[in-house]
Amino acid sequence: MDEKYFAKKIEQKWQQKWVESGAFNAEAEECDGRPKFYQLEMLPYPSGNLHMGHVRNYSAGDALAWFKRLNGFNVMHPIGWDSFGQPAEDAAVKRGVNPRAWTEENIIAMRGQLQRLGVSYDWRRQMYAHRPEYYKFDQWFFLKMYEMGLAYKRMTQVNWCSHDQATLSNEQASGGLCWRCGNPVTKKDLEQWFLKTTAYTDQLIDDMTQIEAEWPPSVIKRQRDWMGRSEGAFVDFEVQASGDSLFYCPLVDGITSASDIGKGRVRIFTTRIDTIYGANSIVLAAEHPVIQANIDNFSEKVASKIAYIRAENTKPKDHEVEIEKDGIDTGLKAVNPFSGEELPVWVGNYVMMDYGTGAVMSVPGHDDRDFEFAKKFGLPIPTVIVSEPSASAGERGGGLDPTLDAGDNAATDKRPLPPAYAGGSDLAYTDYGVLVNSAVWSGKSSEDAKREMADFAEEHGFGQKATTYRLRDWGISRQRFWGSPIPIIYCDTCGVVPEKYENLPVELPETAPFSGTGESPLAKVPEFVNTTCPTCEGPAKRETDTMDTFVDSSWYFLRYADAENEILPFDPEIAGYWAPVDQYIGGDDHAVMHLIYARFWTKVARDIGLLKFDEPFKRLLTQGMVVGETFFDDTSGKRIYYVPADVNVTRDAKSKMTGAVSKDGKTLKYAIERMSKSKGNGVDPDEMIEIYGADAARLFVMFAAPIENELVWNEAGIEGAVRFLQRVWRLVYKWERVLSVPPAVAGGVLVSTSMTPPATAGGTDPARQLRRKTHQTIKRVSDSFETLQFNTPVAALMELSNAIGDIVVEPENASEDDIFAVREALTSLVLMLTPFTPHTSEELFAVLIGNEDGMLANSARFPAYNEELAKADEIEIPVQVNGKLRSRVMAAPGTANDELERMAFADEKIREYTDGRQIVKVVVVPNRLVNIVLK
RNA sequence: GCUGGGGUGGCGGAAUUGGUAGACGCCCAGGACUUAAAAUCCUGUGACCUUAGGGUCGUACGGGUUCGAUUCCCGUCCCCAGUACCA
């Protein structure tokens, strides 16, 4: 028997055994009485290299998969490849390689890495986004959505470089310049396919209540923000022009219908209709149809300003740079339908055409942006809402003088003003309050007024309650090769015709001329483009755009359930067994897009009749990034990865994330950065496995920090993990010779800790104490897994290992009880380590039960917790005097309060404090502490 | 700005949710073993004071509630993340 721990040897051995025995293959068998558990980590893009972030992700997922497996669940734990996408195509452009070959090679490389890491996947279920067997069903879903009216084509603006004749992504057009030629980017109208995510907005928001408790709050919040539901009202303002111009109000997606268009009216959206008496103007976006339709009626000065604002608005927005408010009075007049007041119509750069109606009423007294705008242009700032207590007083005659600004009004107005105004503050009063200066509505609360005024508007035909959203339909057209072709055919006779289901998949050609110009490469492949119309069988052309790769990841988790189905994306019954995913783990960079698309897709699949549930992922865990700690020589720019031992980084430098220290007269810059090859601070998982072993790498990654925190990679820490595993290893071999009796086997299933406990001696007996520690640890570790903590159970297991090592008797002199306790402790330790270090556990478990073919996955169970055994015979009760710890007494658990109090007063040290002092009171918390309060 | 999450030793981080602050690990120091080194094992390790026993302070800062606060409340300062001028 090996007495030394050779990670490499045992890891290869067990990896091979697992493959040969299909240890992790999961079947959805009805007769199998076990409950199912679907563990999933976000699928990787096959870049060709695993990084430590992947290791962290899969280590956590594997730990849970093992934990559930050992607890009697039928666990499905699959993996696949998000293998469509830009890098493969970039490689084709730059290096002339074939994207398919490049992708397949990368997958082979990464699969090898995952296998060396020993992750317990059911490899039979792999899905590959780029293979026709998979993307056939992207197309299948597309056709279904087309039939359901959820897929449609419309004109939209894309970034366009007229020099290169190319469309650009937002990233490629950053700064308003083409990344390739540096010429200015313009907008170009292009027909694009969209999926109607907005048809599900309310469900996407409302169904969050189903998952809220089990998803990180930040993700829930970001999703809500992304959908951006606002409840408010539309209000129509009559618009009067000097000429006989025709005015109309624009349609806004899905919000209103053509019949809502009021001739000569402009519709605004507001969430604060209660402030409408405070409107000093209405402000429209420069692109607003009313403005554009009437552009020739404006003076040259006004028209050019509008054009300027419009151009400014097309610039890419950088949220860190606050854009200064700008605008112009168009000379048009609008009538406030509530007050009858005539208001100027402005164009403002802060009004967005693609939100709400592209028009707002400007209420500077109660909106920060309107306030800033009014300040800049010297517009009146009336007050119509005041904070609660002061508002009950009646209206003063005449109200505020709207021609005066806030300060002037404040000077003449005796009524208490909202706090924001009282000190001449540069702020609007944006809270709810009580209405003033609002005719019959004065005195009402904001809440009541909002409801009643919206109803009033509706009754009188100039408005209605309305809800607007930020979420837009999902544009899926990509002018790229390496994606799933959109199964649509254009026929001169029949128009837009969907491909027939039986003709799927619409296969990608072997290759295409990659120009990198941003035009669809497929358009230059005649064999692909030219086809026959499915309807009239006349000559026709195929759609040459491909789908966004987010399509692939929107339903892959369902494919795993039935990965080889050739007729349907998956069999509803089989998917119904496995799905939804019980535990999903991934980076929070996917908090919005991927998770919204997948939720959307699930709801569509449900409506197609494939699924019976609403939400795809029951529980979500977002793991923090793995970052590298880097020093680099400021003068040479050379990076020195890992902190040199003789360099002391100050806390200050660390907290700022960047900093500098000097060494040998040189300045070393310190930085914490996302690990990557290009930064030179990357850690290659293969290297880690080679040096320390997969188990140690995984154990350390789990132990080093809470899973949701950022993890600063540190080489020294992993050595600690190796040391721990070696200690466990030595402990097992130290006791091996006396642990010859195998643990009980019940019904073919090894039940490691259900052996009859031997008669226990007193509470200080080492065997009894070890058993107590064992069972306390079982509880701690189990609870930790349930609450998705991975660092604390490792600490608990280290404590248990220390406790076994601390046992005073040598194996030769051990009593039956001692041996029993040690066997139980070691077996439990090894079993509980399995989720973190499966290879080492398999090996040691085989040693412990004396069976080379142990195979934990099939035969073992997680140790059972016994509350009785975990109970302490005696606990330490701290004794405080005036809240300060002064002594401790030992007592049996459950000792009565008065007995504890008596013991405390009997304590010598406590006596020194209490003697001759007046006792005010004594607080006794059972099993916790005694606190004596002295005067 | 706004929203969310945070601030605990030299470092990563524990703390049963109001009850012994600093578990576990890393780093560091001392010791044992060794011809020596490595490895391993043992001891120490929040700060300050003290001959000792022990004491004082200590969870970003300032207050408060409480017998008792890392935990709850108010205020301030920092850090991280997200972010839409969303009407």
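Each chain gets a letter, A, B and so on, in the order the sequences are listed, and its residues count up from 1. Computed from a prediction, not measured in an experiment: that's the story for all the values here.
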Practice task
Take A/K921 and A/F269, find for each the nucleotide of RNA chain B with the closest heavy atom, and name the residue whose nucleotide sits nearer the 5' end.
Solution key: A/K921
Is the phosphate of [N] approached by [X] (side-chain N or O, under 4.0 Å from OP1 or OP2)?
| X | N | value |
| --- | --- | --- |
| A/N709 | B/rG12 | no |
| A/N791 | B/rG25 | no |
| A/R780 | B/rU16 | no |
| A/R886 | B/rU20 | no |

With rounding to whole Å, what would you report as the distance between [N] and [M] at their [atom1] atoms?
| N | M | atom1 | answer |
| --- | --- | --- | --- |
| B/rA69 | B/rG63 | P | 14 Å |
| B/rU20 | B/rG10 | C1' | 25 Å |
| B/rU70 | B/rG58 | C1' | 11 Å |
| B/rA23 | B/rU16 | C1' | 13 Å |
| B/rC42 | B/rG5 | P | 43 Å |
| B/rA38 | B/rA47 | P | 27 Å |

Practice task
Examine the base of B/rU16 for any acceptor or donor lying under 3.5 Å from a partner atom in the side chain of A/R928, and report the outcome as yes or no.
Solution key: yes
Practice task
Please evaluate the base of B/rU40 for a donor-acceptor partner in the side chain of A/Q726 within a cut-off of under 3.5 Å?
Solution key: no
Fill in the blank from the handout: So NZ of A/K325 and CZ of A/F371: to nearest 0.5 Å the spacing works out to 12.0 Å
Handout entry: Which nucleotide in B/rA87, B/rC86, B/rA14 has an atom nearest any side-chain atom of A/R470
Key = B/rC86
Checking [Y] against [X]: is there a side-chain donor and acceptor pair closer than 3.5 Å?
| X | Y | result |
| --- | --- | --- |
| A/D326 | A/Y308 | no |
| A/Y355 | A/S230 | yes |
| A/Y350 | A/R369 | no |
| A/D202 | A/Y469 | yes |

Practice task
Report the glycosidic orientation of B/rU17: syn if within 90° of 0, anti in every other case.
Solution key: syn
Suppose we define a pair by two distances each less than 3.5 Å, Watson-Crick or G-U wobble; what does [N] pair with here?
| N | answer |
| --- | --- |
| B/rA38 | none |
| B/rA14 | none |
| B/rA87 | none |
| B/rC72 | B/rG64 |
| B/rU56 | B/rA47 |

